[in-house]
Amino acid sequence: MQRQSLFAASSAKGRCGQNGRNRVRSVAIVGANLAGGRAVEALRQAGFDGRIVLIGEEPWRPYERPPLSKEFLWDPANVPDKFFLQDEAWYYNNHIDMRLGTRVEAVDLAAGGVRLNGGELVVADKVLLATGGHARKLNLAGADCANVHYLRTRDDAARLAADLRKGARIVIIGMGVIGAEVAASAVKLGCDVTAVEPLAVPMERALGKRFGQWLGDEHRKRGVKTHFNRGVTGFKFANGRVSAVELDDGTLIFCDAVVAGVGIVPATSLASDAGISVNSGIIVDRQCRTSNSAVFAAGDVAEQDGFFGGHIRLETYQNAADQAQAAALAMLGKEVNYCKPLWYWSDQFDLNIQFCGQIPVQAELVLRGDMESNAFVAFFLSGGTIDGVLTVNRAPDMGIGKRLVERRTKAVPAQLADPDVSLRDLLKQAS
């Protein structure tokens, strides 16, 4: 029997479980990152004893990305132990065939596996595409200069850390989560930081204008010079490096290094080249299955059912971890119905910012606590239902806030605003 028939025969209902003649014996995971690493762990925890091949382009075993914009920049010589998901011995003891520093050239559906650079075929009953994405590059002359940085990998962080010297003039282009976190880290390291953002406030898409304005004020209080509603039109150069950034109003900002945080480009080419359905990401169902029933996808690259309807691609740590675990179980034929609201966190200066859900277009805002104290909770309601929760330096409240959103909880605004009313009691009432 050719492998082609195995891929073609895998039903969309997940018949390839642990029993019967369609038993899964081998899994190939493309992407040795957070999603790939969590999928490996979930397969073994679920009792899968078949072959697992974990393939990654980077030379490093799976690691955490959040420290790249924080701890790794502060002290790259002393990376915290928790940086890697597992030590090397774990992969050896669990019989994981790791192919690091290796590129997958194609998902070969006819041959029944993935083909590596050099032509080797890794045969697999199931394939998980956890390919993530690549940092979006600036469309400017000089965007690849040595002192123009994009932060996506450990090697990116190491190069950036070398330029974040005390007194260095750093220009941040883009004040989304990555840009805002790097700005905070650069200030911590004693750099002279200027931020440029085409929108009116930092993290506007994530926080909305009111709380984006609050965050911009906090950055300015701590020394970040800001240029909002401004675009970048070009660079000036000296000795082969960018020496100044030119804005669309003619302003020149002299610099020693530039950091661009303008999003990622999802790595969908393996799927699209194999004829698998792709839109803004690789389209998956609630079993994390693509349009080919033997191929699954998870993490930043996956376009999935949105919790509030439609389809969405989530670029968050928690989604990558949770969806990868769901995909691992689904590959083994387990019942999976993965659909969760957005949840992310960001640590900037002394601010722990967390958000779950969405901000409706016509949201009713309810505030618990004092924004000026930088310790508060904001609820975003639509028709009396809690659609979103934002916490600042109130992490325990997010533990309950996530469940309020997940359960589509109806709430009375006066109770949400009253600090004497327990959120846990509101959750119990909703149950």
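No hydrogens or angles considered: nothing links the side chains of Glu105 and Asn117 as a donor-acceptor pair under 3.5 Å.
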Please list every donor-acceptor pair under 3.5 Å in which a side-chain atom of residues 337-344 meets a protein atom from a residue at least two apart or in another chain.
| residue | atom | partner | partner atom | Å |
| --- | --- | --- | --- | --- |
| Tyr338 | OH | Asn319 | OD1 | 2.9 |
| Lys340 | NZ | Asp322 | OD2 | 3.2 |
| Trp343 | NE1 | Gln354 | OE1 | 3.2 |

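Checked against side chain to side chain donor-acceptor pair (under 3.5 Å), Thr131 has no partners two or more places apart in sequence or in another chain. By the ring pair (Phe, Tyr, Trp, His ring centres under 6.0 Å) test, Phe307 is found to be paired with no residue, residues two or more places apart in sequence or in another chain being considered. Partners of Arg424 under the side-chain contact (heavy atoms from CB on, under 4.5 Å) rule, at least two apart in sequence or in another chain, are Ile400, Arg403, Ser422, Lys428. With sequence neighbours left out, the ring pair (Phe, Tyr, Trp, His ring centres under 6.0 Å) criterion links Phe211 to Phe376, Phe380. Ala271 meets the side-chain contact (heavy atoms from CB on, under 4.5 Å) test with Leu129, Ile276, Val278, Ile282; sequence neighbours excluded. For Phe237, there are no ring pair (Phe, Tyr, Trp, His ring centres under 6.0 Å) partners at least two apart in sequence or on another chain. Scanning for side-chain contact (heavy atoms from CB on, under 4.5 Å) contacts around Ala141 gives an empty result, with sequence neighbours left out. Under the side chain to side chain donor-acceptor pair (under 3.5 Å) criterion, Arg44 pairs with no residue at all, not counting sequence neighbours. Residues forming a side-chain contact (heavy atoms from CB on, under 4.5 Å) with Leu85 (at least two apart in sequence, or on another chain): Leu34, Arg38, Glu41, Pro62, Glu64, Tyr91.
Residues in residues 138-151 take part in these side-chain hydrogen bond (donor to acceptor under 3.5 Å, both in side chains) pairs, two or more places apart or across chains: His149-Asp163. Every pair passing side-chain hydrogen bond (donor to acceptor under 3.5 Å, both in side chains) that includes a residue from residues 182-199 is listed here, sequence neighbours excluded: Trp74-Ser185, Asp192-Lys225.
Residues Phe355 and Trp345 keep their aromatic ring centres 6.0 Å or farther apart.
For the pair Arg61 and Phe84, the cation sits on the ring face: its NZ or CZ lies under 6.0 Å from the ring centre, inside 45° of the axis.
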